[in-house]
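Structure first, commentary second.
Here is the naming used below: chain letters follow the sequence lines, and residue numbers restart at 1 for every chain.
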Amino acid sequence: MSIPILVAVAWPYASGSRHLGHLAGAYLPADVFARYQRLAGNRVLMVSGSDVHGTPITVRADAEGVTPAEIADRYHAEFVGDWERLGISWDLYTSTGTANHAVVTHDLFLTLLQNGHIDKRTSEQYFDVDAARFLPDRYIEGTCPHCGYTEARGDQCEDCGRTLDPDELVDPRSRITGTVPELRETEHFFLRLSDFGEELGGWLDTREGWRRHVLNFSRGWIEEGLQDRAITRDLEWGVDVPVDDLGPGKRIYVWFEAVIGYLSASKEWAQRQGDPEAWREWWEGDARSVYFIGKDNIPFHTIIWPGMLLGYGGLNLPTDVPANNYVTFKGGKASASRGVGLTIGEALGLFEADAIRYALAASLPEQSDTDISVEEIGRRVNEELVATWGNLVNRVLSMVHSTCGAEVPGPGSRTGDDLALLDRIDEALVRVGGQIDRVELRAGLRTGMEAAAAVNAYLNATEPWRLAKVDPERASVVLGTALAAVSGVRLALAPYLPFSSSALDDVLGELHAWRRIEPEPGTPVPKPTPLFLKVNLEELLADGADGGRGGTVG
RNA sequence: GGCGACGUAGCUCAGUUGGUGAGAGCGCUCGACUCAUAAUCGAGAGGUCGACAGUUCGAAUCUGUCCGUCGCUACCA
């Protein structure tokens with residue numbers, strides 16, 4: 001039975017490099033899930049893209065003296081390169097800067113407006129007279145009322161860490177002109193989230209299999225009472241507002257617009273397929289939609305986006321939002337800007353892609369935050385990935401090469417022990433499939449590695465290197481069995497380790513289904529090269545690649 | 001301050017709705033093997049499950065208090 005499954009993945013913010021925490025939080029788990037579902041025969045649509053709007057990008061652009069588009073383009077290109085090198089298997093990776101995205105955003109906005117879920121309200125905001133524009137919180141500086149820090153921003157004091165409102169600042173001044181801003185009335189559109197509180201609460205109560213921290217967090221939000229939220233801003237950079245009664249200088253705010261990316265990307269994908277209506281298969285009826293995000297994104301995906309979908313009507317709400325917790329580096333929250341943890345690019349300079357994928361998949365913060373370091377990644381790679389799996393492949397292929405005439409042997413007559421091993425592997429495949437389907441990805445990887453260990457144990461028990469001298473026929477059967485078992489383990493690990501998996505295509509055949517395949521007898525088996533490189537930790541650390549200082553900041 | 005969590009073997013982490021003697025990987029000790037990237041396999045040692053009090057026939061698992069850690073509380077997403 002083939003099911004349409006939308007794999008919706010958090011939109012990375014194109015304001016700077018993403019780090020391993022982001023990778024472990026959303027992109028890697030989504031990719032493992034999607035790769036498995038495709039092998040299982042389901043119709044996967046995996047989409048995401050770069051989020052290119054919002055204030056931090058304009059702040060960075062101002063600081064560097066370039067346009068926001070240049071910042072967004074730079075990091076979008078970097079992300080695309082990261083995904084390529086990591087093997088993240090998008091059906092479409094786009095951005096929120098496309099014309100299509102604006103069209104879809106306008107459709108959502110206008111429909112919600114027409115349905116009465118968006119209204120217009122007036123508030124007071126700081127206005128820079130010289131620059132003739134309203135100022136986002138981050139564009140206002142002043143003295144922190146709590147600690148006296150003179151460079152505090154309108155949204156937060158970076159010295160004492162407290163969050164602020166701009167009107168709390170002593171001696172506020174504009175970051176653009178340095179003049180004293182004045183409060184002026186401004187109009188903005190608001191999403192009437194409060195319209196959906198009851199319905200969303202009821203919907204959450206029907207969710208089964210959701211992670212506890214995701215449900216707790218979401219219910220907490222609803223119990224506190226949903227606040228209507230402004231969805232436009234006084235900005236020049238963003239999707240424009242599709243009605244003109246607000247006047248110029250207003251844009252749709254990123255959090256409203258970015259989540260729409262899941263839908264606009266699906267539509268863009270359909271258009272590229274030459275079948276503009278094809279997206280409906282994943283958004284209507286009996287489709288599954290699974291949103292892979294970090295925990296900081298939970299309310300946007302369990303409250304706000306579902307609310308928008310309810311208000312729009314006719315589209316599926318998320319089936320599951322298996323949000324991850326954080327990966328910390330030596331106890332500190334990863335942050336590229338503070339030099340804590342490794343960016344994806346830095347990590348790819350130190351480790352092979354599959355090595356990174358393995359180490360992170362083994363440490364995914366599915367239940368609680370997990371801690372990682374360069375040393376820990378290296379240890380996982382050397383003592384688990386290389387020792388258990390890479391070495392198993394190498395020892396089996398080496399023996400087949402040297403004792404089976406350098407080709408895949410026929411099955412021969414397998415004994416009960418041989419068949420028991422293969423049964424064990426097939427059971428593991430069923431288990432791994434179930435675990436990945438439930439997004440228990442660490443457990444699935446563990447199951448796959450245990451299967452590899454079982455093959456190692458089988459070899460130690462049957463000792464084909466000795467049989468080769470006394471009973472070549474039996475040795476051939478054992479090695480053929482071991483190779484068939486390796487074929488199954490390789491499939492179990494394929495969603496996690498796509499590069500090393502496909503490196504075995506020549507000997508073991510290409511993967512097309514979630515079912516162990518018998519290697520084709522007679523297939524040439526050359527002298528193997530190691531599947532993974534061992535990590536030289538001392539060298540890495542001597543080069544200063546310690547992933548930052550770690551520890552806690554602030 | 002408010003909110004959400006977390007504190008389980010040396011390290012990193014699992015422990016569904018409370019109930020056979022508390023688990024895994026790695027590390028450590030001992031043993032087997034030597035085909036394989038000094039890799040593998042087996043056995044073992046090691047924890048009063050942060051502290052205190054309570055509910056219960058019975059709690060790592062529920063309640064309260066305390067100590068410690070983290071995240072959120074943004075016109076970041």
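Checked by atom type, the side-chain pair A:Thr302/A:Ser218 shows a donor-acceptor distance below 3.5 Å. Side chain to side chain, A:Asp418 and A:Tyr458 meet the donor-acceptor criterion of an N or O pair below 3.5 Å. Side chain to side chain, A:Trp389 and A:Tyr358 fail the donor-acceptor criterion of an N or O pair below 3.5 Å. There is a side-chain donor-acceptor pair under 3.5 Å between A:Gln435 and A:Thr447.
What separates CZ of A:Arg431 from P of B:A14 is a distance of 17 Å, to the nearest Å. In this structure, the OH atom of A:Tyr253 is 11 Å from the P atom of B:A74, given to the nearest Å. When the P atom of B:A36 is taken as reference, atom CG of A:Leu392 falls 14 Å away, rounded to whole Å. Atom CZ of A:Arg395 is separated from atom P of B:C35 by 10 Å (rounded to the nearest Å). The nearest whole Å value for the distance from the CG atom in A:Asp371 to the P atom in B:G7 is 14 Å. Nucleotide B:A77 holds its P atom 15 Å from the CD1 atom of A:Ile71, rounded to whole Å. One atom, CZ of A:Phe256, and another, P of B:A77, lie 14 Å apart when rounded to the nearest Å. Put simply, NE2 on A:His213 is 17 Å from C1' on B:U16, counting in whole angstrom units.
The residue A:Ala362 sits apart from the nucleic acid: no heavy atom pair falls under 4.0 Å. At the heavy-atom level, A:Pro56 lies under 4.0 Å from the strands shown only through sugar-phosphate atoms. Counting non-hydrogen atoms under 4.0 angstrom, A:Gly390 reaches a base of the nucleic acid. If you check every strand for non-hydrogen atoms under 4.0 Å, A:Gln125 touches a base. In this structure, A:Arg446 reaches the sugar-phosphate backbone alone: every heavy-atom distance under 4.0 Å involves primed, P, OP1 or OP2 atoms, never a base.
The side chain of A:Leu531 lies closest to B:U37 when the candidates are B:U37, B:C70, B:C75. When distances run from any side-chain atom of A:Glu463 to the nucleotides B:A36, B:A77, B:C33, the shortest one goes to B:C33. Side-chain atoms of A:Asp369 lie closest to B:C70 of the nucleotides B:C75, B:U12, B:C70. Residue A:Trp465 places its side chain closer to B:C33 than to any other of B:U12, B:C33, B:C41. When each of B:C76, B:C26, B:C13 is scored by its nearest atom to the side-chain atoms of A:Glu383, the top-ranked nucleotide is B:C26. In this structure, the nucleotide among B:A77, B:U37, B:C35 sitting nearest to the side chain of A:Asn391 is B:U37. Proximity note for A:Val386 (side chain, C-beta onward) versus B:U12, B:C26, B:U37: the nearest is B:U37. Here the nucleotide nearest the side chain of A:Ser398, chosen from B:C75, B:A77, B:C35, is B:C35. Side chain of A:Val254, nearest nucleotide from B:A39, B:C35, B:C76: B:C76. Taking the side chain of A:Ala457 as heavy atoms from C-beta on, and the options B:C41, B:C26, B:U37, the nearest nucleotide is B:C41.
With A:Ser264 contributing its side chain and A:His101 its backbone, the two residues share no donor-acceptor pair below 3.5 Å.
Heavy-atom nearest nucleotides on RNA chain B were determined for A:Leu364 and for A:Ser402, and the one closer to the 5' end corresponds to A:Leu364. With RNA chain B read from its 5' end, the first of the two nearest nucleotides for A:Tyr13 and A:Lys295 is the one closest to A:Lys295.
With both ends at atom P, the span from B:G54 to B:U73 equals 40 Å, rounded to whole Å. Nucleotides B:G71 and B:G15 place their C1' atoms 23 Å apart, quoted to the nearest Å. Between B:A9 and B:A22, the two P atoms lie 15 Å apart (nearest whole Å). Across B:G7 and B:U20, the matching C1' atoms stand 28 Å from one another, rounded to whole Å. Look at the C1' atom in both B:G2 and B:A74: the space between them is 16 Å, to the nearest Å. Between the C1' atoms of B:G31 and B:A14, the separation comes to 29 Å (whole Å). Rounded to whole Å, the P atom of B:U8 lies 22 Å from the corresponding atom of B:A45. Here the separation of B:A39 from B:C33, taken at their C1' atoms, is 12 Å to the nearest Å.
Between A:Lys534 and B:A39, a side-chain N or O to OP1/OP2 separation shorter than 4.0 Å is present. Contact annotation: A:Gln367 side-chain N/O to B:C13 OP1/OP2 distance is not under 4.0 Å. The side chain of A:Ser368 places an N or O atom within less than 4.0 Å of a non-bridging phosphate oxygen (OP1 or OP2) of B:A14.
Remark: B:A43 base-pairs with B:U29. Criterion, Watson-Crick or G-U wobble with two distances under 3.5 Å. Checking B:U12 for Watson-Crick or G-U wobble geometry (two distances, each under 3.5 Å) identifies B:A24 as its partner. Across all strands shown, B:A5 forms a Watson-Crick or G-U wobble pair, both distances under 3.5 Å, with B:U69. With both pairing distances under 3.5 Å, B:U63 is matched to B:A53 as a Watson-Crick or G-U wobble pair. For B:C35, there is no paired base (Watson-Crick or G-U wobble, both distances below 3.5 Å). A 3.5 Å limit on both hydrogen-bonding distances identifies no Watson-Crick or G-U partner for B:U17. With a cut-off of 3.5 Å on both Watson-Crick or G-U wobble distances, the partner of B:A74 is given as none.
With A:Thr232 as the partner, the side-chain hydrogen bond (donor to acceptor under 3.5 Å, both in side chains) test is satisfied by one option alone out of A:His188, A:Lys250, A:Arg251: A:His188.
Both the sub-6.0 Å distance and the 45° axial angle are satisfied by A:Arg233 relative to the ring of A:Tyr253.
Classification of the A:Phe109-A:Phe189 ring pair by plane angle, with boundaries at 30° and 60°, yields perpendicular. Ring geometry, A:Trp83 versus A:Tyr27: the interplanar angle falls from 30° to 60°, so the pair is classed tilted.
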